[in-house]
Amino acid sequence: MLVSPSLLAANFGNLEQDIHMINDSEADMLHLDVMDGVFVPNISFGFPVLKAVNRLCTKPLDVHLMIVEPQKFVTRVRDIGASIMNVHQEACLHLDRTIHEIKQAGMKAAVTLNPATPVSTLVDIIAELDMVLLMSVNPGFGGQKFIENTITKVQRLKALIAETGSQALIEIDGGVNLETGTRLALAGADILVAGSYVFNANDPLATIHQLKNLTINGPI
């Protein structure tokens with residue numbers, strides 16, 4: 001299982017220490033939620049913080065734009081060193097164009113679906129994607145309860161990927177822990193985003209290790 005800790009849950013009073021912890025961990029990438037207070041009811045951080053994080057972090061940056069008109073920022077996201085640019089299907093009027101612009105900029109292209117957005121909306125673009133992020137909580141705040149329908153949604157998305165021959169990985173964000181992570185892995189998820197569960201843990205390094213090596217057994 002790939003693990004992408006979410007910086008939103010880190011200690012912003014001592015961000016450098018938390019980033020060094022991620023560097024020393026088994027995490028595969030670092031998830032960065034950019035919120036504008038318009039697309040979601042919260043504001044997180046912007047490009048100055050992303051640039052500082054990139055200077056410190058040795059892991060690939062997984063930049064998730066929870067903003068309106070994300071296509072305007074493809075070049076800036078690339079310039080801060082992002083490996084993956086993740087945009088919301090609900091925020092992109094011309095999604096195909098945005099995906100191609102992300103790829104032309106040299107980044108991997110990902111699309112996020114909110115909990116109420118069906119996976120069928122990606123039928124005509126799924127073959128072009130490197131990753132699909134399913135929100136398992138409503139976006140905008142950390143620490144929310146996992147939405148149970150996500151398990152079924154992962155299964156639907158996995159089937160769509162298989163049907164279309166897409167190489168897209170399935171990423172999940174929201175309410176991830178060992179219990180939900182195991183069920184998500186069994187359903188077909190490839191990447192787990194974990195914020196509070198990692199950064200609020202007594203031993204974040206051990207928690208990341210457990211997510212990386214979770215045991216898949218038992219029924220969903």
Side-chain angles (χ1 to χ4, degrees), residues 1-6 26-33 59-60 62-66 70 83-92 95-96 98-100 102-103 107-139 144-195 197-198 207-220:
M1 178 61 66
L2 302 179
V3 179
S4 185
S6 175
E26 295 176 69
D28 299 280
M29 60 193 82
L30 180 62
H31 192 82
L32 299 154
D33 289 313
K59 306 286 185 175
D62 171 18
V63 178
H64 176 196
L65 298 183
M66 300 183 185
S83 297
I84 304 167
M85 180 169 168
N86 200 322
V87 299
H88 273 257
Q89 183 269 357
E90 305 86 359
C92 291
L95 183 59
D96 182 81
T98 301
I99 294 305
H100 285 283
I102 292 170
K103 290 194 165 190
M107 296 178 287
K108 292 184 178 180
V111 170
T112 301
L113 300 182
N114 281 337
T117 304
V119 299
S120 59
T121 61
L122 298 179
V123 168
D124 293 322
I125 193 68
I126 188 72
E128 304 296 325
L129 301 180
D130 297 297
M131 184 170 76
V132 176
L133 170 57
L134 298 182
M135 293 300 302
S136 45
V137 299
N138 286 293
Q144 297 181 62
K145 184 179 179 182
F146 181 79
I147 295 173
E148 288 296 325
N149 184 57
T150 308
I151 299 295
T152 302
K153 198 169 181 179
V154 171
Q155 294 170 329
R156 292 195 197 104
L157 179 56
K158 194 73 173 180
L160 177 62
I161 289 171
E163 290 167 8
T164 58
S166 171
Q167 299 298 307
L169 298 179
I170 300 175
E171 183 176 45
I172 310 297
D173 185 1
V176 169
N177 54 40
L178 283 183
E179 188 270 332
T180 57
T182 298
R183 295 164 63 207
L184 287 164
L186 185 58
D190 303 294
I191 309 168
L192 299 178
V193 176
Y197 187 66
V198 167
T207 299
I208 292 170
H209 174 79
Q210 289 174 331
L211 289 172
K212 282 283 296 179
N213 298 278
L214 52 81
T215 302
I216 303 174
N217 52 30
I220 294 176

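Note that this is a predicted model, so its numbers are computed, not measured.
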Within the 4.5 Å heavy-atom criterion, are M85 and L65 side-chain neighbours or not?
yes
List in chain and number order the residues that pass salt bridge (Lys or Arg N to Asp or Glu O under 4.0 Å) with E26, two or more places apart in sequence or in another chain; answer none if no residue qualifies.
none
Who pairs with S6 by side-chain hydrogen bond (donor to acceptor under 3.5 Å, both in side chains), at least two apart in sequence or on another chain?
D33
For residues 110-127, which side-chain N or O atoms pair as donor and acceptor with protein atoms under 3.5 Å away, sequence neighbours left out?
unit_1	atom_1	unit_2	atom_2	d
T112	OG1	H64	NE2	3.4
T112	OG1	N86	OD1	2.5
N114	OD1	H88	ND1	3.4
T117	OG1	E90	OE2	2.5
T121	OG1	P118	O	2.9

For the residue pair V193 and V176, establish whether any side-chain heavy-atom pair is separated by less than 4.5 Å.
no
Side chains of L160 and R156: does their closest heavy-atom pair fall under 4.5 Å?
no
Taking atom CD of Q155 and atom CG of L186, what is their separation to the nearest 0.5 Å?
8.0 Å
CD of E128 to CG of L95: how many Å apart, nearest 0.5 Å?
10.5 Å
Value rounded to 0.5 Å, distance of CG in L214 from CZ in R183
13.0 Å
Using only atom types and a distance under 3.5 Å, with no angle test, would you say the side chain of K59 pairs donor to acceptor with the backbone of A27?
yes
Can you confirm whether T180 sits close enough to Y197 that some side-chain heavy atom of one is under 4.5 Å from a side-chain heavy atom of the other?
no
Is D173 reaching over with its side chain to a backbone N or O of M135, donor-acceptor style, under 3.5 angstrom?
no
Give a yes or no answer on whether the side chain of S136 reaches the backbone of G174 with a donor-acceptor pair at less than 3.5 Å.
yes
Please list, chain by chain and in numerical order, all residues satisfying salt bridge (Lys or Arg N to Asp or Glu O under 4.0 Å) with K103, sequence neighbours excluded.
none
Using 0.5 Å steps for rounding, measure from the NE2 atom of H100 to the OG1 atom of T98.
10.0 Å
Euclidean distance, M131 CE relative to L169 CG, rounded to 0.5 Å:
7.5 Å
Taken in chain and number order and not counting sequence neighbours, the residues that satisfy salt bridge (Lys or Arg N to Asp or Glu O under 4.0 Å) with D28 are K212
Results of side-chain hydrogen bond (donor to acceptor under 3.5 Å, both in side chains) for K158 - residues two or more places apart only
none
Would you give the length of the straight line joining atom CD1 of I191 to atom CG of L133, rounded to the nearest 0.5 angstrom?
9.0 Å
P60 versus I84: any side-chain heavy-atom pair under 4.5 Å?
no
Verify the neighbour count for atom CD of Q167: are there more than 12 heavy atoms of other residues, nucleotides or ligands below 6.0 Å?
no
Between S4 and L192, is there a donor-acceptor pair closer than 3.5 Å when you use the side chain of the first and the backbone of the second?
no
